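For reference, the structure discussed in these notes is given below.
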Protein chains: 2
Amino acid sequence: MLIPENKQFDIWSDELTIPILALDIVIFTIYMGELCVIVSKVEENSISWYSIPGWIVAKWFDLEKNFDDILKRKTWIEWVYKEQLYTFWDPKRDPRGHVVAVCYYALVQVDSFLTKVDFTKVDILKYSQIDKTKLFYDHAKIIHYAKQRLEWKLEYTNIAAQILPEKFKMSQLQWVYEIITGKKYDKRNFQKKVFSLGILQETWELDKSTNRPAKLYQFLEKDIQIVEKNSFV
Amino acid sequence: MLIPENKQFDIWSDELTIPILALDIVIFTIYMGELCVIVSKVEENSISWYSIPGWIVAKWFDLEKNFDDILKRKTWIEWVYKEQLYTFWDPKRDPRGHVVAVCYYALVQVDSFLTKVDFTKVDILKYSQIDKTKLFYDHAKIIHYAKQRLEWKLEYTNIAAQILPEKFKMSQLQWVYEIITGKKYDKRNFQKKVFSLGILQETWELDKSTNRPAKLYQFLEKDIQIVEKNSFV
DNA sequence: GCAAAAGTGTTTGGTCTACACCCATGA
DNA sequence: TCATGGGTGTAGACCAAACACTTTTGC
């Protein structure tokens, strides 16, 4: 059941002396070999805008409930990995009023939502080709911030597990890194590094979709964890 | 001028369908050779409690104004380094209502506030000796989270500059690391590491307060910046 | 048989770690 | 002259980077 919409009190009223709280979500996926962001489409005076999914948060409902609710209402996605990103609260960020946005970013495997989403209301934007002028408010800034965090997390956690299918080829794992960081890695060094972290498990299955079959791997631990600590001294 | 208190509308009313937003601050300092947290003292039914400084945020005022205001009202401190930590929003975290707390942590040099603070209202707690049962709500959790973030930031930024005086001995810098991380470092290796980062500048001044005079250093760049990048591959 | 992606080691340079003694000064 | 903290170098282990050819399969 979704949280009922509640209109008892006009939250935009000037009488109200506290800011309004919203929850906004940057949803990343890898689609067509690129890092993409899933956004809501909004038509306004026959101009089309994009907006990251978000909503005014409901009182007394906890984060999980608010989050799942927003996600389902806006994108029909039911489950994703999520992490709190930052809380943006410039009084001028939303022209309707003083809206403080607690922002999250989320990762999904593209297969898990392509069949469920209503593409008349939702769009997939390539991160590298985002047109800032078509995004609401400060959403371009939020997306940029989320991308930085994601890139950073790739380096010292197993977060890639959240955007890959259960079993994957080594080359797919390497692509995730290359797509998100925009760098190229050497195949041999990449493998050595990943193996040395001890986070992967061979499966004895093969992927036969390409010419020479490839070994499939899976993460030992799918939940996110820190995999590399560089102590200061 | 402080933000005027505004009582026009009862924000605790059940009529209000949105959560209340608060700003809470974990203030760290190094005092008496230990990592300490500056807290507000609260007497309630002749039991003394501690609380991290915080306040309901005022609408239409931006973060800087809200932050400085809260800090000055509660601790008489006028300027600190600050960084957003996390937004806590469990509906049950505050018994008075659904309060979402945007938390910051801040670093101060102890000399900068000792003479200004009213110690009947504020206290300095040693981090290692904090009694969780004497802290309000989830404040112990917030402090713990802030400590983790601080430790983490020490490793890859010049954040230590924020807690040290302008000019300092190498041994003082090493103490900051040892106090915050709880580890011991080798003097020679510590120096080599710090020098290799290229963030310090020798001054030609000496500290003569100890037996053998010590060279004083300063950070080339006092503003916080990332000083170490460990690329994934 | 050829195109396409998978698989596989070695060398070199740099960084991290462990470790111990002398120095300059004030008391 | 002695107690205190300041200052300094080297050797071995480990890790990161650069680099190219062979293998397996489908077409």
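The structure displayed is predicted, hence computed values, not measured ones. Below, chains carry the letters A, B, ... as their sequence lines are ordered, and counting in each starts from 1.
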Pairs under 3.5 Å (N/O, protein and nucleotides 25-27 of chain C):
none

N/O-N/O pairs, protein side and nucleotides 9-11 of chain D side, under 3.5 Å:
| residue | atom | partner | partner atom | Å |
| --- | --- | --- | --- | --- |
| D:dG9 | O6 | B:R188 | NE | 3.4 |
| D:dT10 | O4 | B:K192 | NZ | 2.8 |

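Counting heavy atoms from C-beta on, the side chains of B:I38 and B:Y31 never come closer than 4.5 Å. Residues B:L150 and B:L107 form a side-chain contact, since some pair of their non-hydrogen atoms from C-beta on lies under 4.5 Å apart.
Rounded to whole Å, atom C1' of D:dG6 lies 16 Å from atom CZ of B:F168. Atom CD in B:E202 sits about 12 Å away from atom C1' in D:dG7, given to the nearest Å. In this structure, A:Q191 places its CD atom 16 Å from C1' of D:dC19, rounding to the nearest Å. At whole-Å resolution of the value, CG in A:D207 and C1' in D:dT24 are 14 Å apart. Going from atom NZ of B:K215 over to atom C1' of C:dC23 covers 13 Å, rounded to whole Å. The CZ atom of A:F190 sits 15 Å away from the P atom of C:dT8 (whole-angstrom rounding). Distance B:F195 CZ to C:dC16 P: 16 Å, rounded to the nearest Å. Here C:dT8 presents its C1' atom at 12 Å from CE of A:M170, a figure rounded to the nearest Å.
OP1 or OP2 of D:dG6 sits under 4.0 Å from a side-chain N or O of B:K169. Close to D:dA16, at under 4.0 Å from its OP1 or OP2, lies a side-chain N or O of A:K193. The phosphate of C:dA6 (OP1 or OP2) has a side-chain N or O of A:S171 nearer than 4.0 angstrom.
Under the salt bridge (Lys or Arg N to Asp or Glu O under 4.0 Å) criterion, A:K169 pairs with no residue at all, not counting sequence neighbours.
Counting only distance, with no hydrogens or angles, the side chain of A:E178 and the backbone of A:Y185 share a donor-acceptor pair below 3.5 Å. Side chain of B:Q172 to backbone of B:L164: no donor-acceptor contact under 3.5 angstrom is found.
The base of D:dG7 lies close enough to the side chain of B:K187 for a donor and an acceptor atom to sit less than 3.5 Å apart.
Among pairs with a residue in residues 103-131 of chain B, those fulfilling ring pair (Phe, Tyr, Trp, His ring centres under 6.0 Å) read B:F67-B:Y104, at least two apart in sequence or across chains. Applying the salt bridge (Lys or Arg N to Asp or Glu O under 4.0 Å) test to residues at least two apart or on different chains, the pairs with a partner in residues 112-129 of chain B are B:E34-B:K126, B:K41-B:D123. Pairs passing the side-chain hydrogen bond (donor to acceptor under 3.5 Å, both in side chains) check and including a residue from residues 132-142 of chain A, sequence neighbours excluded, read A:R93-A:D138, A:D131-A:T133.
Ionic pairing of B:K72 and B:D68 is not present here: no N-O contact between side-chain nitrogen and carboxylate oxygen is shorter than 4.0 angstrom.
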